Amino acid sequence: MHKYILQTERCYLRELAPLDAANCFLLNQHPEILEFTNDPPFDSEETARKFLNSYDAYIKTGIGRWAVELKTDNSFIGWCGLKYHHTTNDIDIGYRLLPKYWGKGLATETAKGCCDFGMKVLGLKRIYACIHENNLKSLRVAEKLSMQYEKTVIDENKRWKHFVFPIK
């Protein structure tokens with residue numbers, strides 16, 4: 001049984017589980033998705049399953065990346081969620097959707113749902129997004145969320161723009 005965390009107008013968000021290994025493997029095979037991350041793709045479905053089996057963010061921090069399912073048919077379309085960074089004591093919003101779901105407002109919808117959940121339900125004071133400077137689609141999501149530009153950081157010779165979700 002899946003543990004659902006929240007819902008948006010068109011999506012359910014739930015904890016990722018080892019049963020999502022095939023979908024996560026496929027998600028991380030798209031070069032367009034990985035182009036603006038520092039993450040390597042999973043080399044197999046089994047590697048994705050091992051990752052999901054050891055994914056302990058929900059237990060350690062109470063938050064994490066959550067599977068996104070369409071309400072219409074419960075199909076897996078990617079993930080979206082909050083991630084705690086212990087080195088900076090900060091929380092980011094991140095998402096990855098399969099390319100066929102791009103341009104439909106789903107990244108914005110689910111990211112807003114996660115940020116609202118973080119602020120209103122969990123009482124978070126700050127959520128940021130770290131976006132590669134050339135990732136125009138994600139920069140547009142930050143704009144639609146009314147996120148405020150904070151700074152640019154260089155990591156692994158890449159320039160990342162940090163935006164902060166507005167506190168209301």
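Any value given below was found using the heavy atoms of this structure, including those in side chains, with hydrogens, waters and symmetry copies removed. What you see is a predicted model, and the numbers here were worked out from it, not measured in a lab.
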Qualifying side-chain hydrogen bond (donor to acceptor under 3.5 Å, both in side chains) pairs, either residue in residues 72-82, two or more places apart: Glu69-Asn74, Asp73-Ser75
pair Lys83-Ile91: side-chain heavy atoms closer than 4.5 Å: no
Joint cluster assignment, Ile63 & Tyr128, ILVMFWY side-chain distance < 4.5 Å: no
Nearest heavy-atom neighbours spanning Trp160 and Thr37: CH2-CA, 4.1 Å
Ring pair (Phe, Tyr, Trp, His ring centres under 6.0 Å) partners of residues 11-41, not counting sequence neighbours, each pair once: Tyr4-Tyr12, Phe36-His132
side-chain contact (heavy atoms from CB on, under 4.5 Å) between Leu13 and Cys114, intermediate numbers included: CA-CA 9 Å; Leu13 283 81; Cys114 289; 3.4 Å; yes
Any donor-acceptor pair under 3.5 Å from Asp20 side chain to Ala17 backbone: yes
Check ion pair Arg126-Glu150 (N to O, under 4.0 angstrom): yes
Shortest non-hydrogen contact from Gly81 toward Trp66: CA-CE3, 3.9 Å
Nearest non-hydrogen partners of Pro40 and Asn28, listed with the distance: O-ND2, 4.4 Å
Residue Lys137 excluded, over 12 heavy atoms near NZ under 6.0 Å: no
Nearest atoms (heavy-atom pairs only) where Pro99 meets Glu32: CG-OE1, 4.1 Å
Pair Arg14-Lys3, side-chain contact (heavy atoms from CB on, under 4.5 Å): steps then yes or no: CA-CA 5 Å; Arg14 61 168 175 79; Lys3 182 175 179 186; 5.9 Å; no
Any donor-acceptor N/O pair, Arg96 side chain to Gly78 backbone, under 3.5 Å: no
Under 3.5 Å donor-acceptor, Lys71 side chain and Thr8 backbone: yes
Polar side-chain atom of Tyr95 near backbone of Thr108 as donor-acceptor pair, under 3.5 Å: no
Heavy-atom pair with the smallest gap, counting every atom of Ser138 and Ile131: O-CD1, 3.4 Å
Side-chain (Gln29) to main-chain (Pro41) donor-acceptor, under 3.5 angstrom: no
Residue pair Asp90 / Tyr84, side-chain donor-acceptor N/O under 3.5 Å: no
Asp116 side, atom CG; Leu6 side, atom CG - distance, nearest 0.5 Å: 9.5 Å
Working for side-chain contact (heavy atoms from CB on, under 4.5 Å), residues Glu143 and Met147: CA-CA 6 Å; Glu143 180 183 318; Met147 294 184 92; over 6 Å; no
Asp92/His85 under side-chain contact (heavy atoms from CB on, under 4.5 Å): CA gap, chis, key distance, verdict: CA-CA 8 Å; Asp92 84 359; His85 295 271; 3.2 Å; yes
Short side-chain to backbone donor-acceptor contact, Asp56 and Ile59, under 3.5 Å: no
Tyr55 and Phe51 aromatic ring geometry - parallel, tilted or perpendicular at 30°/60° bounds: tilted
Plane angle bin for Phe163 and Tyr149 - parallel if under 30°, tilted between 30 and 60°, otherwise perpendicular: perpendicular
